[in-house]
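Read the structure below first, then the notes.
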Amino acid sequence: MNNPMQTQAAKRWLDYTIIAVIAVLAIGMLLPFLWLFSVSFKPVSEAYKLPPTFWPTSLDLSNYAAVLASRVPFLQIYGNSLLIAVVVTVGQLVTCTLAAFAFARLEFRGRDTLFVILLIGLMFPAQVTILPIYLGFAQVGLINQPIGLALMYLTSSFGVFLMRQFMLSQPKALEEAALMDGAGYLKIFWRISLPQLRPALSALGIITFTQTWNYYFQARVLLGRETSMTLPVAMDVLRGYLGSGSLSLVMAAMSMSILPVVLLFLIAQKFVIEGITMSGIKN
């Protein structure tokens with residue numbers, strides 16, 4: 001028979017091993033971010049130094065000042081990205097939640113077929129639909145308008161799927177009781193379903209904000225003017241033709257651009273994990 005003390009010691013060593021492996025992987029994931037911030041504080045001569053040095057010899061903030069003073073209107077572009085990300089995030093939280101409630105709780109003809117068609121939309125990349133979108137936007141004057149890019153993504157198939165799966169994991173007892181008491185569907189949604197959706201809403205909000213903040217292809221096609229472009233496109237402009245721009249300058253701009261997303265994820269990461277876990281797999 002196994003000695004209980006030996007079994008506990010083996011489990012402890014297994015836990016330590018797992019923690020050590022996770023720590024090594026975490027350091028590997030953090031290294032690119034540390035390198036990014038490190039280079040942003042280096043002068044150009046030190047950024048291109050061979051062999052490279054990981055830590056800057058001094059904290060030089062001139063690169064950040066140069067980004068703000070560059071020909072690219074960085075603060076206005078920052079505002080464009082923030083406007084698009086906030087509008088898209090709020091829009092998807094509203095539309096995806098309402099659509100998910102309909103697919104999860106209402107009975108109507110063709111519901112499952114319509115949901116399958118909705119999921120098929122996940123298979124098509126943005127490049128497939130960008131031409132008709134561009135032509136339509138040109139007709140209504142939304143080219144070079146940041147709000148136009150936001151209007152494209154006020155709902156998403158992934159958001160509807162995520163919220164629907166979460167709703168299916170919730171018990172129906174309270175909703176059925178409220179329905180028998182004469183409550184309408186909108187009241188049931190607002191008073192019963194919505195308060196239970198906070199983990200899923202947090203997860204969808206963070207995922208949507210992060211994804212929208214990083215849009216490049218769509219913004220490159222629809223927002224060509226410098227005053228209307230978004231941060232990923234601005235990074236490309238600062239990088240210069242064939243990467244001829246200042247590496248330190250680009251790294252400083254990237255540091256400022258990713259900071260809101262990193263802070264948002266660090267603050268609310270537990271909601272992302274909880275929401276995705278509970279959205280499940282349950283039918």
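None of these values were measured; they are calculated from a predicted model.
Side chains of Gln211 and Tyr153: no donor on one and acceptor on the other come within 3.5 Å.
Here the straight-line distance linking atom CD of Glu226 with atom CG of Asn144 works out to 11.5 Å at 0.5 Å rounding. Taking CZ of Phe101 as the start and CE of Met163 as the end, the distance is 12.0 Å to the nearest 0.5 Å. Here Leu204 contributes atom CG and Leu93 contributes atom CG; the two are 5.0 Å apart, rounded to the nearest 0.5 Å. Between Leu75 atom CG and Asn80 atom CG the span is 11.0 Å, to the nearest 0.5 Å. Atom CZ of Phe166 and atom OG of Ser193 lie 10.5 Å apart (nearest 0.5 Å). In this structure, CG in Leu168 is found 6.5 Å from CZ in Arg105, a value given to the nearest 0.5 Å.
Hydrophobic clustering (ILVMFWY, side-chain heavy atoms < 4.5 Å, transitive): Val237 and Tyr215 are in distinct clusters. Residues Leu30 and Val21 fall into different hydrophobic clusters, defined by Ile, Leu, Val, Met, Phe, Trp and Tyr side chains chained together at heavy-atom separations under 4.5 Å. Note: the hydrophobic cluster containing Val140 also contains Leu154 (ILVMFWY, side chain heavy atoms under 4.5 Å, direct or indirect links). One hydrophobic cluster, built from ILVMFWY side chains closer than 4.5 Å, cannot hold both Val86 and Leu223; they sit in different ones. A single hydrophobic cluster is not seen to contain both Leu122 and Ile130; linkage of ILVMFWY side chains at heavy-atom distances under 4.5 Å, directly or through other members, places them apart.
Listed for the Asn63 side chain is no donor-acceptor partner under 3.5 Å among the backbone atoms of Ala252. At least one donor-acceptor pair under 3.5 Å links the side chain of Ser81 to the backbone N or O of Leu231. At distances below 3.5 Å, at least one donor-acceptor pair connects side-chain atoms of Ser70 with backbone N or O atoms of Val67. Checked by atom type and distance alone, the side chain of Trp213 never pairs as donor or acceptor with a backbone atom of Ile258 at under 3.5 Å.
Under the 4.5 Å side-chain criterion, counting only non-hydrogen atoms from C-beta, Val88 is not in contact with Met152. Two residues are said to be in side-chain contact when any heavy atoms from C-beta on lie closer than 4.5 Å; Phe189 and Met167 meet this criterion. Using a 4.5 Å heavy-atom cutoff, the side chains of Ile22 and Ile19 are not in contact. In this structure, the side chains of Phe217 and Val221 come closer than 4.5 Å at one or more pairs of heavy atoms. Side chains of Ile77 and Val233 form no contact here, defined as non-hydrogen atoms less than 4.5 Å apart. Within the 4.5 Å cutoff, side-chain heavy atoms of Ile143 are placed close to those of Leu222. Within the 4.5 Å cutoff, side-chain heavy atoms of Ser156 are placed close to those of Cys96. Proximity of Phe124 to Ser157: side-chain heavy atoms (C-beta onward) are nowhere separated by under 4.5 Å.
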### Query
What's the verdict on side-chain contact (heavy atoms from CB on, under 4.5 Å) for Leu197 and Gln170, showing C-alpha distance, side-chain angles and the deciding distance?
CA-CA 9 Å; Leu197 293 176; Gln170 297 175 342; 3.5 Å; yes
### Query
Do Leu14 and Ile18 pass the side-chain contact (heavy atoms from CB on, under 4.5 Å) test, and can you show the C-alpha distance, the side-chain angles, and the key distance before you say yes or no?
CA-CA 6 Å; Leu14 179 61; Ile18 293 174; 4.1 Å; yes
### Task
Mind running side-chain contact (heavy atoms from CB on, under 4.5 Å) on Arg220 and Asp236 for me, showing each step along the way?
CA-CA 10 Å; Arg220 190 67 171 172; Asp236 197 24; 3.6 Å; yes
### Task
Give the intermediate values and the outcome of side-chain contact (heavy atoms from CB on, under 4.5 Å) for residues Leu82 and Phe209.
CA-CA 9 Å; Leu82 189 61; Phe209 186 92; 4.3 Å; yes
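A side-chain contact (heavy atoms from CB on, under 4.5 Å) with Gln218 is found for one member of Ile84, Ile133, Thr129, Leu149 and no other, namely Leu149.
With a 6.0 Å radius and a threshold of 12 heavy atoms from other residues, nucleotides or ligands, Phe33 has its CZ atom at or below the threshold. The neighbour count for Arg111 CZ, taken as heavy atoms of other residues, nucleotides or ligands under 6.0 Å away, is above 12. Shown here is Tyr64, whose OH atom has more than 12 heavy atoms of other residues, nucleotides or ligands within 6.0 Å. Other residues, nucleotides and ligands contribute at most 12 non-hydrogen atoms within 6.0 Å of the CH2 atom of Trp190.
Between Ala99 and Val160, the shortest heavy-atom distance links the atoms CB-CG2, 4.0 Å. Contact detail for Met229 and Gly224: the closest heavy-atom pair is CE-O, 4.2 Å. Between Gln76 and Thr227, the shortest heavy-atom contact is NE2-O, 3.2 Å. Contact between Ala200 and Leu162 at its shortest, heavy atoms only, is O-CD2, 4.4 Å. When all heavy atoms are compared, the tightest approach of Thr208 to Thr212 is O-OG1, 2.7 Å. For the pair Arg164 and Phe103, the tightest heavy-atom approach, listed with the atom from each and the gap, is CD-CB, 3.8 Å.
Under the 6.0 Å cut-off for aromatic ring centres, Phe41 and Phe37 do not qualify, their centroids lying 6.0 Å or more apart.
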